[in-house]
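Numbering of residues begins at 1 and proceeds along the displayed sequence. No hydrogens, no waters, no symmetry mates; every other heavy atom, side chains included, goes into these values. The structure displayed is predicted, hence computed values, not measured ones.
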Amino acid sequence: MEWIMSQPSWMQALLATCFTYGMTALGAALVFVLRRCSAPVVDGMQGTAAGLMIAASFFSLLLPAKESLSAGALSTALILTGGFCIGGLFILLTDLWMRRSRAFAERGMRSGALTCFAMTLHNIPEGFAVGVAFGSIVNGDGFVAAAMLALGIGIQNFPEGLCVAVPLRRSGMCAGKAFFFGQLSGLVEIAAGVLGALAVQLIRLLLPWALTFSAGAMIVVACGELIPSCVRDDKTIALCGVTGGFALMMLLDVLFG
């Protein structure tokens with residue numbers, strides 16, 4: 001522990017985000033165990049993924065963005081609403097492009113790709129947050145809080161890695177490729193964490209926009225792709241998954257956020 005505390009902030013952020021990435025990869029690796037699941041189980045897991053994303057959009061993105069803003073009520077509302085709408089519009093335009101692309105002609109593949117894309121966007125501000133936390137440490141003060149933030153994000157990333165890999169696996173992608181893209185969504189946290197530690201003041205200004213942008217993207221993917229897909233076969237199981245996923249992410253965020 002003393003060795004870690006003696007390192008420069010960017011190194012501390014690098015080590016912390018390597019841990020958060022590792023938890024994402026560990027969650028994605030479950031597709032190797034779950035590759036023979038029945039359709040109802042996959043529907044429940046996909047519903048759980050949607051619930052996780054909806055809860056993360058509020059508890060991990062929108063709420064921290066609101067708390068980080070010290071501007072007036074009108075400015076805060078405009079930033080939150082503007083970033084959220086831009087993020088949602090970005091995913092809608094991406095979906096429109098994918099519909100016209102031969103590489104994403106199959107709906108399942110397009111849904112999985114959008115989920116991976118949205119979760120990757122979600123992990124960028126999380127990496128920024130870890131980097132800013134370590135970059136703001138002065139004479140050791142704040143190290144414990146930064147370490148706990150990294151721990152909490154890492155625990156949350158475990159089910160997030162799974163929720164990226166599952167839709168890809170369901171679309172027909174082999175387990176190895178589904179794992180690859182699942183873990184890839186968490187890799188951006190490492191670069192974002194180091195950047196956040198090196199450019200604390202700049203990233204702190206951009207963080208509310210990044211958080212709300214990611215929230216809008218995740219809500220659109222969860223409500224427009226994951227939920228419609230999982231309720232087609234068994235609505236009850238799918239909605240139980242959505243409820244359970246939301247409750248799980250809310251619990252994790254309250255305990256470790």
- request: Could you pull out all residues at least two apart from T48 that satisfy side chain to side chain contact (heavy atoms under 4.5 Å, CB included)?
  value: L52
task: Could you walk me through whether F158 and L30 pass side chain to side chain contact (heavy atoms under 4.5 Å, CB included), step by step?
output: CA-CA 10 Å; F158 179 80; L30 289 180; 3.7 Å; yes
message: Would you call the rings of F143 and F134 parallel, tilted or perpendicular, taking 30° and 60° as the class edges?
response: perpendicular
Which residues share a ring-ring contact (aromatic ring centres under 6.0 Å, His included) with F84, sequence neighbours left out: none
- request: Indicate yes or no: at least one non-hydrogen side-chain atom of C85 is less than 4.5 angstrom from one of L89.
  value: no
- request: Indicate the atoms forming the closest heavy-atom contact of P208 with A65, along with that distance.
  value: O-CB, 4.0 Å
Pairs where residues 13-28 contributes a residue and the test side-chain hydrogen bond (donor to acceptor under 3.5 Å, both in side chains) is met, not counting sequence neighbours: T20-E189, Y21-Q183, T24-N157
message: Tell me the closest heavy-atom pair linking G88 and V220, and the distance in Å.
response: CA-CG2, 3.5 Å
- request: Go through the structure and list residues passing ring-ring contact (aromatic ring centres under 6.0 Å, His included) with F58, not counting sequence neighbours.
  value: none
Contact list for residues 209-218, test side-chain hydrogen bond (donor to acceptor under 3.5 Å, both in side chains), sequence neighbours left out: none
task: Applying side chain to side chain contact (heavy atoms under 4.5 Å, CB included), run through T120 and L184 and close with a yes or a no.
output: CA-CA 8 Å; T120 301; L184 194 64; over 6 Å; no
task: Considering non-hydrogen atoms only, spot the tightest contact between A13 and G131 and give its length.
output: CB-CA, 4.0 Å
message: If the condition is side chain to side chain contact (heavy atoms under 4.5 Å, CB included), which residues does T76 pass it with, not counting sequence neighbours?
response: K66, L69, A71, L80
field: Fellow cluster residues of L74, listed by chain then number, with links counted only when side-chain atoms sit under 4.5 Å apart
entry: L78
query: Does V188 offer a backbone N or O that forms a donor-acceptor pair with the side chain of N123 under 3.5 Å?
result: no
message: When you group the ILVMFWY residues by side-chain heavy-atom contacts below 4.5 Å and let the links chain together, are I237 and L239 in the same group?
response: no
Distance (rounded to the nearest 0.5 Å) between F128 CZ and L207 CG: 8.0 Å
field: Smallest separation among heavy atoms of A238 and C230, with atom names
entry: CB-O, 3.3 Å
message: Please say yes or no: joined through hydrophobic side-chain contacts below 4.5 Å, possibly via intermediate residues, are I86 and L211 part of one cluster?
response: yes
task: Could I get the full list of side chain to side chain contact (heavy atoms under 4.5 Å, CB included) partners for C223, not counting sequence neighbours?
output: I54, I219
Straight-line distance of C18 SG to I190 CD1, nearest 0.5 Å: 4.0 Å
Contact summary for I227 and A50, nearest pair of heavy atoms: CG1-CB, 3.6 Å
query: Honestly curious: do L92 and V221 fall in one hydrophobic cluster under the side-chain, below-4.5 Å linking rule?
result: yes
message: Suppose we screen for side chain to side chain contact (heavy atoms under 4.5 Å, CB included). Which residues come up paired with F59, at least two apart in sequence or across chains?
response: A55, F246, M250, D253
